[in-house]
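Computed from a predicted model, the values in this text were never measured in an experiment. All chains are named by letter (A, B, ...) in the order of the sequence lines, taking the proteins before the strands, and each is independently numbered beginning at 1.
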Protein chains: 2
Amino acid sequence: MPSSRLSPRRELATATGDQRSSAETRPDAPGLLSIAAVERDTGLLKDTLRVWEKRYGFPQPLRDANGERIYPREQVERLRQIRRLMDQGHRPGKLFAASPTDFAALLVQSDAPAALPAEAQRMLGLLQASAADALRSALQERLQTLGLEDFVLHFAIPLSIAIGAAWARGEMEVAHEHLYTEQMQNLLRATINALPIRAGSPRVLLTTFPNELHSLGLLFAQALLASHGAACTSLGAQTPLEDIRKTAQNGGFDVILLSFSGAFPARAAFSGLRILAADLAPGTQIWAGGRHLADKPAVIDGVRYLAGMADTLLALQDWHATPPS
Amino acid sequence: MPSSRLSPRRELATATGDQRSSAETRPDAPGLLSIAAVERDTGLLKDTLRVWEKRYGFPQPLRDANGERIYPREQVERLRQIRRLMDQGHRPGKLFAASPTDFAALLVQSDAPAALPAEAQRMLGLLQASAADALRSALQERLQTLGLEDFVLHFAIPLSIAIGAAWARGEMEVAHEHLYTEQMQNLLRATINALPIRAGSPRVLLTTFPNELHSLGLLFAQALLASHGAACTSLGAQTPLEDIRKTAQNGGFDVILLSFSGAFPARAAFSGLRILAADLAPGTQIWAGGRHLADKPAVIDGVRYLAGMADTLLALQDWHATPPS
DNA sequence: GCATCTTGTTTGTCTAGGACAAATCTGGAT
DNA sequence: ATCCAGATTTGTCCTAGACAAACAAGATGC
């Protein structure tokens, strides 16, 4: 007798792989995580965790009564730090070999001590105090003051980076980050939704390839474009290549914006871009975001690389200067 | 020389496990998917896919030059249908044993032929045509006409269910569903954001346990509560139990709303609820959503079960009738 | 008849160790 | 400096087996 479900859960099942066990996420056992829970928390595949244990001797989880791996919280935190450094280009072999001192040095160095606006600093505090309402209104106030463009470029992005760093350092709970993401999303989506579309602006389709999550980054780009009147349609993250192609053809878009994080292999990115570019309606452009792509870009007809968020606006300017229609 | 990343990707890495391979998602090879891609698309673990192949003889992927599994699109679609029926309580053994006729019958039966408003029917069409702008304004119009509460209860929820069913039937691409989720999110978040908070209303914290994705459902609940003036704070999906506890204590919330989909094992849900209820500030309530929980609820002090979305509003009424402060 | 306990079956996830191709680093030649 | 060949690192996939939790069915008691 199947009991029917209340509401669909698929939109995320697609994007993430919704697992169904109970063991890996058993909510008891305070500081101890199963291998599946660690996979979820760190983004490292089970296979990778096991092979690291064999090759490098870390992590070194305990075992429960059934001989299954049990990871103490501190090891998971270390794994997160390692993951973060790897995302920045370091290789695991070096990281595991590094002395504790060197490792710490790398970590500190990685925390872009970039100029973080004083207000952003204050918001880190609000976040750590879980002061949701205060955070909400503070963000809103900043947005009012700075305007959408400056807010995104000079406030939201540095703040997001700082939060990522604080999280890797273990100074922030998962809940804090969720709270931040929610508030920021609410604010930006509401703002974007209310913006007028300027005539003569391009119609832009935004998304990422499969295996690209990174949803806040995409939202930032959308906000920048929309603030200049572009007609944006986002598919969120993780759209299969074939689907992007079809949607782009149907929708009559002028621009397809793809965002890539550092973790996405450049080879695959270029290969996908080539395929996408191959059967593009004439006049349609592709904008590919992601710093590591812009470093040594493959020359593909119809593809433009954006080295940073700010480049998005330059591309838009150029589009206006020479509309391909 | 680490190349630094533009923007943080963590908020989703947390929630999903961001993988880093290239093979599983190689964007070439039109109708053929690697095992990792199938895991992402169907939500079935690699291990499960392999063990099904051995035990039931399905799926039966091809092999590439390296002996690695390659799944044709049609098998993946079948897997999605199976997954959907399993979410409704069917067991795999029966499904694999069923004759094609019986299987088809189950599928049809599962597609809640529930009364779908004519306008919703029309929107399914818009979605399938990828008419993003038309969809956007149509949704907006519906929302204006019906008001937030009716819109959610009698329009958005049935529509979401219908979309889930169409997707399982293979009539809908991933992109269509992404498009829908995005538009709906934009609309609801913008609306919620603009709602006033009524004095004397409870402060509600919304989230789900780890392994619970289901973000649109949570957003629906938030919309309903907010439409009646409640002060809602959402953490999104997938918050670790410990984090929920801490946030709830800090934030001075009156209610914690947890949402569970059918795929979440009831045992684990009750166990988690008990832990959470144990050290709750006096006067704080827990509302647990999810039909399968309400069927045979474990009696836990401070926990109220919501059998359906509409129950959310009843609970709110009761709260107002007898404020626990 | 309805509830509770016991047993047998189904099912998902974990374990182990081995293999290999893609990505990266290294040194040599232009 | 730039480019190519070879060596090394590294992530993911493979097989095969084991076991506990979830479930179904039958037995027992009220």
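- The interatomic distance linking A/Glu39 (CD) with C/dT13 (C1') rounds to 12 Å, in whole Å.
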Self-check item: Test side-chain contact (heavy atoms from CB on, under 4.5 Å) applied to A/Leu258 and A/Phe209, step by step
Solution: CA-CA 7 Å; A/Leu258 280 319; A/Phe209 279 177; 3.9 Å; yes
Exercise. Go through B/Phe103 and B/Gln81 one step at a time and tell me if the side-chain contact (heavy atoms from CB on, under 4.5 Å) criterion holds.
Key: CA-CA 10 Å; B/Phe103 187 82; B/Gln81 297 173 332; 3.6 Å; yes
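- Scored by the salt bridge (Lys or Arg N to Asp or Glu O under 4.0 Å) test, B/Arg245 finds B/Glu242, B/Asp279 as partners (sequence neighbours excluded).
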Self-check item: B/Leu95/B/Met86 under side-chain contact (heavy atoms from CB on, under 4.5 Å): CA gap, chis, key distance, verdict
Solution: CA-CA 9 Å; B/Leu95 293 175; B/Met86 287 199 342; 3.7 Å; yes
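- Out of C/dT13, D/dG11, C/dC14, the shortest distance to the side chain of A/Ala36 is found at C/dC14.
- Atom CD1 in B/Ile70 sits about 11 Å away from atom C1' in D/dC13, given to the nearest Å.
- The distance from atom CG of B/Leu241 to atom OG of B/Ser271, rounded to the nearest 0.5 Å, is 8.0 Å.
- Rounded to whole Å, atom C1' of C/dT15 lies 8 Å from atom CD of A/Glu68.
- The salt bridge (Lys or Arg N to Asp or Glu O under 4.0 Å) test applied to A/Asp47 returns A/Arg50, not counting sequence neighbours.
- For the residue pair B/Thr239 and B/Thr207, a side-chain donor N or O sits within less than 3.5 Å of a side-chain acceptor on the partner.
- Between B/Trp52 and A/Lys94, the residue anchored closer to the 5' end of DNA chain C is B/Trp52, taking for each the nucleotide with the nearest heavy atom.
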Please list, pair by pair, any protein nitrogen or oxygen found under 3.5 Å from a nitrogen or oxygen in nucleotides 8-10 of chain C.
none

Any N/O pairs under 3.5 Å between the protein and nucleotides 15-17 of chain D? List them or say none.
unit_1 : atom_1 : unit_2  : atom_2 : d
D/dT15 : OP1    : B/Arg63 : NH1    : 3.4
D/dT15 : OP1    : B/Arg63 : NH2    : 3.2
D/dT15 : OP2    : B/Arg69 : NH2    : 2.2

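- Of the candidates D/dG11, C/dC14, D/dC13, the closest approach to any side-chain atom of A/Arg55 belongs to D/dG11.
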Exercise. Give the C-alpha distance, both sets of side-chain angles, the deciding distance and a yes or no for side-chain contact (heavy atoms from CB on, under 4.5 Å) between A/Arg83 and A/Thr42.
Key: CA-CA 7 Å; A/Arg83 170 71 202 258; A/Thr42 62; 5.5 Å; no
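- Atom P of nucleotide C/dT15 and atom CG of A/Leu45 are separated by 14 Å, given to the nearest angstrom.
- Taking five base pairs at each end of the helix from C/dG1-D/dC30 to C/dT30-D/dA1 and finding the rotation axis that steps the C1' atoms of four pairs onto the next four gives two axes whose angle is 30°, to the nearest 10°.
- In this structure, the CE atom of A/Met86 is 13 Å from the C1' atom of C/dT24, given to the nearest Å.
- Rounding to whole angstrom units, CD of residue A/Glu53 and C1' of C/dC14 are separated by 13 Å.
- Distance from the side chain of A/Lys46 is smallest for C/dC14 among the nucleotides C/dC14, D/dT12, D/dC13.
- Among all heavy-atom pairs drawn from A/Phe58 and A/Gln75, the shortest one is CZ-O, 4.0 Å.
- B/Thr48 has a side-chain polar atom (N or O) that falls below the 4.0 Å cut-off from OP1 or OP2 of C/dT13.
- Taking the six-membered ring where tryptophan is involved, the planes of B/Trp52 and B/Phe96 are perpendicular, since the angle between them exceeds 60° and thus also 30°.
- In this structure, the CG atom of A/Asp64 is 11 Å from the C1' atom of D/dC19, given to the nearest Å.
- An OP1 or OP2 oxygen of C/dA21 is reached within less than 4.0 angstrom by a side-chain nitrogen or oxygen of B/Asn66.
- No more than 12 heavy atoms of other residues, nucleotides or ligands shown are found within 6.0 angstrom of CD on B/Gln60.
- Applying the salt bridge (Lys or Arg N to Asp or Glu O under 4.0 Å) test to A/Glu74 and every residue at least two apart in sequence or in another chain returns nothing.
- Rounded to an integer number of Å, the gap from B/Ile82 CD1 to C/dT11 C1' is 14 Å.
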